[in-house]
Amino acid sequence: MSEKKKKKLQKLKARLPRGFVDRSPADIRATDEMVAKIKAVYERYGFDPVETPIFEYTDCLGKFLPDQDRPNEGVFSVQDDDEQWMSLRYDLTAPLARHVAENINEIQLPYRTYRAGWVFRNEKPGPGRFRQFMQFDADTVGAPGVQADAEMCMMMADTMEALGIARGDYVIRVNNRKVLDGVLEAIGLGGEKNAARRLTVLRAIDKFDKFGDEGVRLLLGDGRKDESGDFTPGAKLDADSLDQVMEFVSARKSAEVGDWNDEGLIDDLERLKFVVNETYRVGVHELATLQKLFSKSGYTEDRILIDTSCVRGLEYYTGPVYEAELLFDVTNEKGETVQFGSVGGGGRYDGLVKRFTGQDVPATGFSIGVSRLMTALKNLGKLGQDDVIQPVLVTVMDGDTEALGRYQKMVQMLREAGIRAEMYQGNWKKFGNQLKYADRRGCPLAIIQGSDEREAGKVQIKDLIEGKRLSGEITDNVTWRESRPAQIEVAEDRIVAEVIRMLADQAEDRAKSG
RNA sequence: GCGAACGUAGCUCAGUUGGUUAGAGCGCUGGAUUGUGGCUCCAGAGGUCGGUGGUUCAAAUCCACCCGUUCGUACCA
């Protein structure tokens, strides 16, 4: 084997773990922009930030205790040097419950708080679904009344609009776990022994948006076969129970946007004759209260909507649940139309803090999937992308220390005037490469001073944007080089003023061409 | 987890019924042009044909298993 081959085999393959991504400047700037907008809404509602670490002891996170065989099922877990299991957090709610429980004596309840952070899930990644993603949560801890839930829903709606999503392009769906539980109880699925079937029914209901009426019926009954031939076992409800569940689920008046009437829906729910238990009555009453709170505050059905098919997470919710959904179609990079669906959700979790304290500490809150929502907004063109002006490049003609000092001084003067600027740091001897670098980086202007200009106390300022436009009209290289297109010569002490003027001209051109 | 499709240069892809030294476009590097981006021309670098094993005189091509990607589905705190 040749030396070259050997070297090649020794080379380390650069690769990223699947489900993880590197973030580009545009992504980072877009995320910052989004987070700032969301934060402004939460602050205005009177919420304060708090931050917890990305690692927690595994038992504090919830039910996912790693076992010997599969310590990383669902979560990323490691053992500390004292052999205690720690995990990367998979949401921001469990860590908040831990934080509140641990500081319960110092925290003034009701505690209104928000936080953004990365969370991790060890599961199969998909398009727009990563193993590390950002969530932005808001919670009210220590508030038992549905008015706290109502506030959460309204804040979600306000957040959507603050992000530039028009009214009618999103909706907040609201339901109540107590109502769902009441229905399940009514069809004989109450009690511990039916827990598994209850889950199957709830999952089936949750698929309403995806598979429609017919698909849900299959999942509630014998089961459903998908396109690949894979079979999903159903809940095996009898015909009467199935009809009753469907009657409840399709109680939402219409699938047509803008054609909703929650007051009528509540009336219908109150009249559903097969459900007579207390759980259901309490649940419907809560929904009725929420509906009144929404409509009295001006949040009508075009923003917040009661939807009996909304299920949300199955684990710790105890009362109202809510979900933000995008209603417009999103076209992805491949030109395919994608139903984006849910971009955030939450609900009431009255039992979560109690696990630590033993005392009832009711809480409600929601989470926005920042990474997911950003994908949707980006495809919609709602994020100001690439509006960052790249730096002005000061080129290097002479590499002696004195000349370099002069170039550095020009850069500093520009920086002091608030203009992004840099001196070329590559091999200055290849001047062509300097302009090529500036061109590819998208630099708006280049500043050039060789010995000729230096002796005359002048510099060349080249408009790279205008130059690019002119390049289409010049075909022969000699003209291209010698005509020095879009380039002006100014006195050294005019550099900052001229750069400001030229950047302003470019900004005006951009504004004109949209 | 289950099922299907795909895997050839940095990228997008050709590659005949299995047949010599695996190609193109784009990109990259150098030159034409020691002080000016683009265009054009010339030259060059770059490949364990996803991996391992098998069938064969002969495998990028056929078979098995594995890995990876994509799609559907399940799970999703």
Side-chain angles (χ1 to χ4, degrees), chain A residues 1-2 4-6 8-9 11 13-15 17-19 58 61-64 70 73-75 87 89-95 97 119-127 129 131 133 135 199-200 203-204 206-207 210-211 215 219 223-233 311-317 334 336 342 345-347 349 352 367 369 393 395-398 428-443 446-454 460 462-487:
Chain A
M1 193 184 287
S2 70
K4 197 172 169 187
K5 268 248 153 81
K6 267 187 203 158
K8 180 121 198 182
L9 288 173
K11 261 198 293 187
K13 169 115 179 150
R15 62 207 180 107
R18 66 201 184 97
T58 305
L61 286 179
K63 59 163 189 162
F64 293 92
R70 312 167 82 182
E73 180 71 7
V75 300
S87 298
R89 63 190 178 192
Y90 51 75
D91 69 12
L92 297 176
T93 311
V119 302
F120 303 82
R121 294 187 187 176
N122 190 4
E123 53 192 22
K124 188 175 121 182
R129 246 185 104 156
R131 297 206 288 177
F133 55 97
Q135 292 193 330
L199 271 183
T200 311
R203 281 175 192 146
D206 200 35
K207 299 278 185 303
K210 204 165 180 183
F211 299 139
L219 287 170
R224 178 179 179 275
K225 191 179 258 191
D226 70 53
E227 298 147 42
S228 69
D230 195 23
F231 182 73
T232 311
V311 177
R312 289 301 301 165
L314 309 163
E315 210 46 49
Y316 50 58
Y317 291 129
K334 293 177 193 160
E336 299 157 340
S342 168
Y349 51 99
L352 215 50
S367 174
L393 182 74
T395 58
V396 176
M397 280 285 195
D398 297 302
W428 62 273
K429 287 179 181 165
K430 301 200 183 246
F431 186 71
N433 282 352
Q434 301 197 35
L435 288 182
K436 202 160 157 185
Y437 167 85
D439 187 42
R440 302 222 172 145
R441 267 206 82 174
C443 294
I447 291 174
I448 304 163
Q449 186 185 54
S451 53
D452 296 350
E453 289 85 3
R454 170 65 189 153
Q460 306 277 346
K462 193 174 187 69
D463 184 332
L464 292 162
I465 314 261
E466 177 67 3
K468 191 190 280 288
R469 200 182 61 71
L470 292 175
S471 77
E473 298 161 11
I474 302 172
T475 48
D476 92 288
N477 192 252
V478 177
T479 312
W480 167 248
R481 297 178 133 215
E482 289 179 356
S483 71
R484 296 185 173 179
Q487 189 169 323

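Within the nucleic acid shown, A/F120 has no heavy atom closer than 4.0 Å to any nucleic acid atom. When heavy atoms are screened at a 4.0 angstrom cut-off, A/S451 is found touching base atoms of the nucleic acid. Contact annotation for A/R18: backbone-only contact, meaning every heavy-atom pair under 4.0 Å involves sugar-phosphate atoms and none involves a base. Using a 4.0 Å heavy-atom criterion, one finds that A/D206 contacts no nucleic acid atom at all. A/Q434 comes within 4.0 angstrom of no nucleic acid atom, judged by non-hydrogen atoms across all strands.
Distance A/M397 CE to B/rG35 P: 8 Å, rounded to the nearest Å. Residue A/R224 contributes atom CZ, which lies 18 Å from atom P of B/rG3 at whole-angstrom precision.
For A/N477, counting side-chain heavy atoms from C-beta on, the closest listed nucleotide (B/rG35, B/rG31, B/rU33) is B/rU33. Comparing B/rA74, B/rC76, B/rG37 by their nearest atom to the side chain of A/K210 picks out B/rA74. Among the nucleotides B/rG35, B/rC75, B/rU73, the one closest to any side-chain atom of A/K207 is B/rC75. Among the nucleotides B/rG35, B/rA77, B/rU36, the one closest to the side chain of A/K462 is B/rU36. Listed candidates were B/rG37, B/rG72, B/rG30. Nearest to the side chain of A/K430 is B/rG30.
Nucleotide B/rC41 forms a pair with B/rG31, judged by Watson-Crick or G-U wobble geometry with both contacts under 3.5 Å.
At a cut-off of 3.5 angstrom, counting only N and O atoms as typed in the model, there is no donor on one side facing an acceptor on the other between the side-chain of A/E123 and the base of B/rG1.
Atom name P, nucleotides B/rU16 and B/rC62: the rounded distance is 10 Å, in whole Å.
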